[in-house]
> 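Sending over a structure as structure tokens; questions will come in a sec.
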Amino acid sequence: MIPGLLQLLAFQGVGELLARFVVPIVPGPVLGLVALLAWLRLRGRVGVGLDAVAGAFSRHLGLLFVPAAVGVVTFLPLLRGHLAALLLALLASVLATIATSAWLLQTLSRDPADDPADDPADDPDRPPAGRDPGSPPTGPRA
Amino acid sequence: MSAPLSEIREIWVYLSGSPLFALTLTLAAWQLGTVACDRSGRHPLVNPVAIAVAGVAATIVAIDMPYATYFEGAQFVHFLLGTATVALAVPIHRGLDALRGRLLPLLAALLGGGAVSIAVAVGGARLLGLDPALADGLWAKSVTAPIAMGVAERMGASPTLTAVYAVVTGVLGAALGRFVLDAVGCRAWWQRGAAIGIAAHGIGTSRAFDVHPAAGAWASLAMGLHGVLGAVAIPWAFALAR
């Protein structure tokens, strides 16, 4: 676990340096991500320690932005009276984004493996047979 | 009676001034959120982030603690956002291995979906007469929150509002995504996952993993790539639109 964390911190440091001196418009951690990705592509495999730390971060990503999001309390007076408009804009935006992305993915891919017959999605909310329904969820939470 | 009370007050003053209180509160609220989410059968509307944020916000308002005091303690959690962002390289690396011939549709969906996300949110906000101080946070809200906040900071928008919009977007997308996907006739798991990952980042990705592992893996890749692309393109588009 510690070697993985060290690796992440080292690449975060590289990213901060790149953001400071080379591409100031992109946040340092994103440049760190790109640097680590390049390293992983070159090396071809993910170390056990890094895999463990990345998995833990992925599962609890949502926890990490709680402190910043709680700052919404300082915006409450400004938000009051705009809530309905904001929700409407957010709702319309996310629905339009899903529809556009799905449409582009469908229209531009001519992969025979995407034939619905091979890939039943009749009930997208029911886990497919073969997957243990009691197995713990592994996805990120945020 | 007054001696123990003043003693309690002293202990409280000591504890509330140390990071211990803010850290405990944050982790406890998160734990409450994840337990509630699991108990509900991982219902997309019972979101751990939303529950944790509401719980912490209600607590600090109730005890009259200034946000700055809370954040001073909770900043240790906040710091790890950057490290978690770097860690997103791992799911992207894995996803790239499975990409095969799907790079072109995925890139097109990232660019098209990302542009529509901003156009509808920012355009809608302008139409509805929203305060620019509130509307600028909408630009990065479809990008995963750790990256969105960094992008917002560099644009001069509020990272806090961006994070809150991102959470609301994620919850809405995770809850309603399947209806949109069914409506446009999108059936392949990888496409369903990728579309949700682009629009509803981490919360949508978590939902996709609950539904199907392939959908989750593709959502994860799409979310990561949208983050990288957004970090480069959004500040640039924002500057152009000014």
Side-chain angles (χ1 to χ4, degrees), chain A residues 8-9 11-12 25-27 29-30 32-34 36-37 40 46 54 57 61-75 78 82 85 89-106 108-109 111 114 116 119 121 124-125 128 137-142, chain B residues 26 30 48-49 52-53 56-57 67 71 74 77-78 80-90 92-93 105 108-109 112-113 116-117 120-121 124-125 128 130 145 147 150 159-160 163-164 168-169 172-173 177-178 180-181 184 186-188 191 195 198-199 202 206 209-211 216 231 235:
Chain A
L8 287 179
L9 289 173
F11 276 99
Q12 190 178 355
I25 187 97
V26 181
V30 178
L33 184 172
V34 173
L36 176 59
L37 182 62
L40 291 175
V46 181
F57 272 128
L61 191 58
L63 164 65
L64 306 185
F65 50 89
V66 169
V70 168
V72 74
V73 294
T74 62
F75 285 94
L78 188 58
H82 292 286
L90 288 171
L91 181 68
S93 167
V94 74
L95 297 183
T97 308
I98 296 174
T100 311
S101 309
W103 179 75
L104 283 168
L105 286 165
Q106 270 179 298
L108 296 174
S109 55
D111 189 337
D114 300 337
D119 210 0
D125 267 8
T138 51
R141 288 188 188 271
Chain B
T26 309
W30 174 251
V49 188
V53 172
V56 174
Y67 174 64
F71 191 81
V77 172
H78 180 77
L80 288 173
L81 267 180
T83 318
T85 303
V86 179
L88 288 175
V90 174
I92 300 181
H93 169 69
V116 164
S117 154
V120 174
L128 295 164
L130 217 62
I147 295 182
T160 286
V164 171
V168 175
T169 295
L172 289 173
R178 55 176 298 208
V180 182
L181 292 169
V184 299
C186 178
R187 293 168 65 88
Q191 295 175 351
I198 292 169
S206 171
F209 266 116
D210 286 345
V211 174

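This one's a predicted model, so the numbers in the text were calculated from it and none came from an experiment. All heavy atoms count here, side chains included; hydrogens, waters and symmetry mates do not.
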> For the candidates B:Ala163, B:Ala74, B:Gly124, which exhibits the highest count of non-hydrogen atom pairs separated by less than 4.5 Å from chain A?
B:Ala74
> Look at B:Leu128, B:Val90, B:Thr83, B:Val56 and state which one has the largest set of heavy-atom pairs under 4.5 Å with chain A.
B:Thr83
> NE2/A:His82 to CG/B:Leu130 distance, rounded to the nearest 0.5 angstrom?
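It comes to 6.0 Å.
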> Which atoms of A:Thr100 are under 4.5 Å from chain B, going by heavy atoms: the side chain, the backbone, both sets, or neither?
side chain
> For B:Ala109 and A:Leu105, which heavy atoms make the closest approach, and how far apart are they?
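So the two residues come closest at CB-CG, 3.7 Å.
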> Select one option (side chain, backbone, both, neither) describing which atoms of A:Val70 are under 4.5 Å from chain B's heavy atoms.
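The answer is both parts of A:Val70.
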> Could you tell me the separation between the CG atom of A:Leu8 and the CG atom of B:Leu88, rounded to the nearest 0.5 Å?
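These two atoms lie 10.0 Å from each other.
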> Between B:Val180 and chain A, with a heavy-atom cut-off of 4.5 Å, which part of the residue counts as in contact: side chain, backbone, both or neither?
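Contact with chain A involves the side chain of B:Val180 alone.
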> Side-chain contact, heavy-atom cut-off 4.5 Å: A:Thr97 with B:Val120?
no
> Output the distance between atom CG (B:Leu81) and atom CZ (A:Phe57), rounded to the nearest 0.5 Å.
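The CG atom of B:Leu81 sits 9.5 Å away from the CZ atom of A:Phe57.
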> Specify which of A:Val34, A:Val26, A:Leu9 makes the most heavy-atom pairs with chain B at under 4.5 Å.
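Top option by heavy-atom pairs under 4.5 Å: A:Val26.
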> Can you give me the closest heavy-atom contact between B:Gly150 and A:Pro27, atom names plus distance?
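Here B:Gly150 and A:Pro27 meet closest at C-CG, 3.7 Å.
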> Testing the basics here: between B:Thr160 and A:Ala68, what is the closest heavy-atom pair and its distance to 0.1 Å?
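Scanning both residues completely, I find the closest heavy atoms to be OG1-O, 3.0 Å.
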> Hey, which of B:Gly82, B:Ala52, B:Ala87 has the most heavy atom pairs under 4.5 Å with chain A?
B:Gly82
> Quick one: CD1 on A:Ile98 to CZ on B:Arg178, what's the gap to the nearest 0.5 Å?
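Output value for this atom pair is 12.5 Å.
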> Given the options B:Gly173, B:Ala89, B:Ala145, B:Ala121, which has more heavy-atom pairs under 4.5 Å with chain A than any of the others?
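Most pairs with chain A among the choices: B:Ala89.
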> Are the side chains of B:Val77 and A:Val66 in touch, meaning some heavy atoms are under 4.5 Å apart?
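When only atoms from C-beta onward are counted, A:Val66 and B:Val77 do not touch, as no gap falls below 4.5 Å.
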> I need the minimum non-hydrogen distance between B:Val49 and A:Gly62, along with the two atoms involved.
CG2-CA, 3.7 Å
> Grab the two heavy atoms, one from A:Ser109 and one from B:Gln191, that are nearest each other, plus how far apart they are.
OG-NE2, 3.0 Å
> To check you understand the geometry: which heavy-atom pair defines the closest contact between B:Ile147 and A:Leu33, and what is its length?
CD1-CD1, 4.3 Å
> For A:Val73, is it the side chain, the backbone, both, or neither that has a heavy atom closer than 4.5 Å to a heavy atom of chain B?
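When you check distances to chain B, only side chain atoms of A:Val73 fall under 4.5 Å.
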> Under 4.5 Å heavy-atom distance to chain A, tell me which part of B:Val184 shows up: side chain, backbone, both or neither.
both
> Distance check, rounded to the nearest 0.5 Å: B:Ser117 atom OG versus A:Leu95 atom CG?
11.5 Å
